[in-house]
Chemist: 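Below is a structure I'd like to ask you about.
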Amino acid sequence: MSDTSQGTGGLAFDKSKRQWPNEINVFGALILIILIFEGLGAAIMGQSFLFDSNGRFDSIFNEARLKIIILQVSIIGIIALGVTQVIISGGIDLSSGSVVGAAAMIAMSFAQVAEVNGSPNPKAVFGPAWMDLPIIVPIFVGLAIGVLAGMVNGMFVAIAKIPPFIATLGMMVSARGVAKWWTSGQPVSFPTESYGMIGGGMMPVVIFVVLAITFHIIMTQTIYGKHTYAIGSNEAAARMSGINVGRHKILVYAIAGMLAGLSAVVLTSKNLTAQSGMGIIYELDAIAMAVIGGVSLAGGRGSIIGTVIGALIFGVIISGFTFLRLDAYYQEMVKGAIIVGAVVLDQWRQQRAAMKA
Amino acid sequence: MSDIILETTDLTKHYGGVHALEGANFALKKGEHVAIMGDNGAGKSTFVRQITGVEQRTRGTVKFDGAEVNFAGPIDAREAGIETVFQTLALADDLNVPDNLFLGREKTKWNFLGPFRFLDYKAMRDDTMAGLEKTAVKIPNIKNTIRNMSGGQRQCVAIARTATFASKLTIMDEPTAALGVQETEQVENIIRTLKEQGESLILVSHNMRQVFDLVDRIIVFRRGRIVANLRKEDTDGQDVVAYITGAKTGAEFEGAA
Ligand SMILES: Nc1ncnc2c1ncn2[C@@H]1O[C@H](COP(=O)(O)OP(=O)(O)OP(=O)(O)O)[C@@H](O)[C@H]1O
Ligand SMILES: [Mg+2]
């Protein structure tokens, strides 16, 4: 019955048949892109991109540029962690940028000081009773706005069965409306000192790294992660296997919303002000980070590690263009090309996967 | 206690105007292996879907293990002890073998973490190995995703899934339809193992040789109705074909189709 020469019960463990993790390819791409900029830097600018070519720093690296890259990447990277989960579950979230705007405005209103240099806060949203609140209040408000928006997204997708693209597009427009309506477009400024520390210095990077590790563990080790992959991979199979698909999707969108809310808190704390236009296009940047990192828009495939590397690639490219003194207009055009390019790459990967299957 | 594991009375399913299943009276004894045959569209899969709660029946009753049951979904059926290999495999392509075997019934630890409780990968891997060993299924590396496996290997995974978990009744809907000779043999071996272990089985199949090799009794469906109930000893291939095509109808089913 069983072919014992192949091992127990006919099971053979062929190490060569192990799949090559896609993250290694993505990491290779990161190295390649850095090398390209190093080459261009040497040829055009006569200096190194990431290394210290003028002896300005203690280490061999251009610490200033490295810092800028990871700082830049962190705030949108936090959003990308949530977007990654949504895409793996077979959905998409176009609302995160606008949710950042709404959460930024509302959270900041609860973070204001009553007095600036002895006179009342000129940007006050609420009366003095609602100012100088403990730091936990604006953080909680920011997260709650995000969770609420995410749950609404999730319910439209899971219960009303509206395509995620449409549901979150609606939220994108509405949440931006909320951000503008909140203060009739006025910026909200002058937060408490403690609030300003959340996103001060390299704190955004620390927060991003801690969250990335946490969600990496959650996605690979917990039942939440497994079911997210299962739903994105074959929703009917997941349902047949007894997974409560609707409830799970709401949870996934709520977590993505929460991360957008948190990103808003970090961003406003870093900038010490909130504006209704905050976070515009962040959703596309976050999606691009995920897709560059190997998260498949078809669902079921990708990882947090991939997205983190994708975020770094994204940051390196943007920073590389600044380094080459490319005009901001060109940068935007190239950014658009990167997003489309990442999706084309994903399509190509999907076709290859389909051919194998 | 009776020795009947499954009994349906007047089981009926209409899809709008389509009478896919009409008044099916069926009984299965404990440890018995029964084949369901019939042309494409005869209502075989529909019958399976009503028993397993994948769909809600239009009319009729289902008794399982001595009690009347109304499964709200396939999970209820599974928890009651019915393991099913559906015609469209319920596998997640991007997950590996143990993940698929345990999908929806994962072994976990630190359960106080609720939806974020941790998976017990080691326990699941060990059980997977045991299950594959029991069924003698050959898979190059269980850590690979299903996507990279052949149709036959996928089918084996789906079948190993039902065989890994002890059940009172196993239902397989055309488990070998897409398989090569060797893989078909593997699946048939699994079915023989189930027979030795005294598990009851419903096998939907178009393969006459297979049916005569494996089961005790043959039920024929035609246009949504049961038209024959034949003990293997009392019939042969030609006879069964006559029932399938409608050239013959069992005496007790006269006037049915
Ligand atoms: N969801 C549905 N809605 C409407 N009609 C359906 C539905 N499912 C099945 N049918 C119809 O019911 C009839 C029986 O289908 P069923 O799938 O049970 O056939 P089957 O005997 O399993 O055939 P096969 O051998 O091809 O698998 C067919 O005419 C089919 O078109
Ligand atoms: Mg069928």
Side-chain angles (χ1 to χ4, degrees), chain A residues 1-4 6-20 88 90 214-215 217-245 247-248 251-252 255 296 298-302 350 352-357, chain B residues 52 54 73-76 78-79 84 86 88-96 99-100 102-108 110-111 113-119 121 128-151 154 161 185-186 189-190 192-193:
Chain A
M1 210 166 116
S2 76
D3 185 352
T4 41
Q6 285 214 14
T8 15
L11 279 171
F13 285 95
D14 188 346
K15 280 252 173 8
S16 67
K17 295 240 170 88
R18 274 266 273 289
Q19 286 161 359
W20 173 263
I88 289 175
T214 306
F215 279 104
I217 293 171
I218 286 178
M219 287 302 281
T220 57
Q221 302 298 321
T222 75
I223 201 146
Y224 165 86
K226 196 59 68 195
H227 288 182
T228 307
Y229 280 99
I231 291 170
S233 184
N234 186 343
E235 191 170 325
R239 191 167 283 122
M240 287 269 237
S241 305
I243 297 171
N244 189 332
V245 174
R247 198 180 62 193
H248 193 89
L251 183 58
V252 172
I255 287 175
S296 169
R301 266 169 296 156
Q350 277 176 41
R352 229 181 29 168
M355 259 157 60
K356 261 198 216 163
Chain B
T52 51
V54 172
I75 318 315
D76 279 8
R78 197 172 69 193
E79 272 161 16
T84 312
F86 291 101
T88 48
L89 297 179
L91 296 174
D93 272 356
D94 299 298
L95 301 185
N96 65 23
D99 286 350
N100 264 294
F102 283 90
L103 192 58
R105 49 182 149 183
E106 293 83 356
K107 293 199 163 180
T108 56
W110 303 340
N111 290 335
L113 290 170
F116 300 105
R117 60 192 186 277
F118 277 59
L119 296 161
Y121 279 121
T128 301
M129 295 292 287
L132 293 179
E133 207 167 322
K134 172 175 158 190
T135 53
V137 166
K138 281 175 210 150
I139 285 157
N141 192 329
I142 60 169
K143 282 188 170 172
N144 281 357
T145 54
I146 300 286
R147 180 177 304 283
N148 296 339
M149 295 185 182
S150 73
R154 285 164 191 239
R161 175 162 63 180
E185 205 174 308
Q186 243 185 63
N189 280 332
I190 296 176
R192 286 193 191 96
T193 313

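Every heavy atom of this structure was used, including side-chain atoms; hydrogens, water molecules and symmetry mates were not. Note that the structure is predicted; figures quoted are calculated from it, not measured. Convention: sequence-line order gives letters A, B, ...; per-chain numbering from 1.
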Chemist: At their closest point, which heavy atom of Ala92(B) faces which heavy atom of Ser233(A), and how far apart are they?
Modeler: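 Minimum heavy-atom contact is C-OG, 3.4 Å.
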Chemist: With a 4.5 Å cut-off on heavy-atom pairs, point out which of Thr220(A), Ile217(A), Asn244(A) contacts chain B the most.
Modeler: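 So the answer, after comparing Thr220(A), Ile217(A), Asn244(A), is Thr220(A).
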Chemist: Go through the steps for Lys226(A) and Tyr121(B) under the test side-chain contact (heavy atoms from CB on, under 4.5 Å), then give the verdict.
Modeler: CA-CA 11 Å; Lys226(A) 196 59 68 195; Tyr121(B) 279 121; 3.0 Å; yes
Chemist: Within a strict 4.5 Å, meaning less than it, do heavy atoms of the Tyr229(A) and Asp99(B) side chains meet?
Modeler: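 No - every pair of side-chain heavy atoms lies 4.5 Å or more apart.
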Chemist: Under 4.5 Å heavy-atom distance to chain B, tell me which part of Ile255(A) shows up: side chain, backbone, both or neither.
Modeler: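 Contact with chain B: side chain only.
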Chemist: How close do Arg239(A) and Ile75(B) get, heavy atom to heavy atom, and via which atoms?
Modeler: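 What the structure gives for the nearest pair is O-CD1, 4.1 Å.
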Chemist: Looking at CD1 of Ile146(B) and CG of Asn234(A), how far apart are the two atoms once the value is rounded to the nearest 0.5 Å?
Modeler: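 If we round to the nearest 0.5 Å, Ile146(B):CD1 and Asn234(A):CG are 11.0 Å apart.
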Chemist: Below 4.5 Å from any heavy atom of chain B, which atoms of Ile231(A) appear? Answer side chain, backbone, both or neither.
Modeler: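 Neither part.
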Chemist: Do Ser241(A) and Arg161(B) have side chains that approach each other closer than 4.5 Å (heavy atoms only, starting at C-beta)?
Modeler: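 Touching, per the 4.5 Å side-chain cut-off.
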Chemist: For Arg247(A), look at atom CZ and say whether over 12 heavy atoms of other residues, nucleotides or ligands are found less than 6.0 Å away.
Modeler: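 Atom CZ in Arg247(A) is not packed in, count stays at 12 or less.
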Chemist: Roughly how far, to the nearest 0.5 Å, is the CD1 atom of Ile223(A) from the CG atom of Leu119(B)?
Modeler: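 Taking CG in Leu119(B) and CD1 in Ile223(A), the distance rounds to 5.5 Å.
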Chemist: If I take atom CZ from residue Arg117(B) and atom CD from residue Gln221(A), how far apart are they, to the nearest 0.5 angstrom?
Modeler: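 Arg117(B) atom CZ to Gln221(A) atom CD measures 14.5 Å (nearest 0.5 Å).
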Chemist: Counting distance only, does the side-chain N/O of Thr222(A) pair as donor-acceptor with the main-chain N or O of Phe118(B) below 3.5 Å?
Modeler: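 Judged by distance alone, no pair lies under 3.5 Å.
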Chemist: So which part of Ala236(A) gets closer than 4.5 Å to some heavy atom of chain B, the side chain, the backbone, both or neither?
Modeler: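 Neither part.
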Chemist: Using non-hydrogen atoms and a 4.5 Å limit, figure out which bit of Arg78(B) sits close to chain A: side chain, backbone, both or neither.
Modeler: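 Interface part for Arg78(B): side chain.
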Chemist: Name the region of His227(A), side chain, backbone, both or neither, that has any atom closer than 4.5 Å to a heavy atom of chain B.
Modeler: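 Just its side chain gets close to chain B.
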Chemist: Side chain, backbone, both or neither: which part of Ser296(A) has a heavy atom under 4.5 Å from chain B?
Modeler: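 No part of it gets close to chain B.
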Chemist: CZ of Arg301(A) to CG of Leu95(B): how many Å apart, nearest 0.5 Å?
Modeler: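 Answer for the CZ-CG pair, Arg301(A) versus Leu95(B), is 11.5 Å.
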Chemist: Considering non-hydrogen atoms only, spot the tightest contact between Asp94(B) and Gly300(A) and give its length.
Modeler: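 Here Asp94(B) and Gly300(A) meet closest at CB-O, 3.3 Å.
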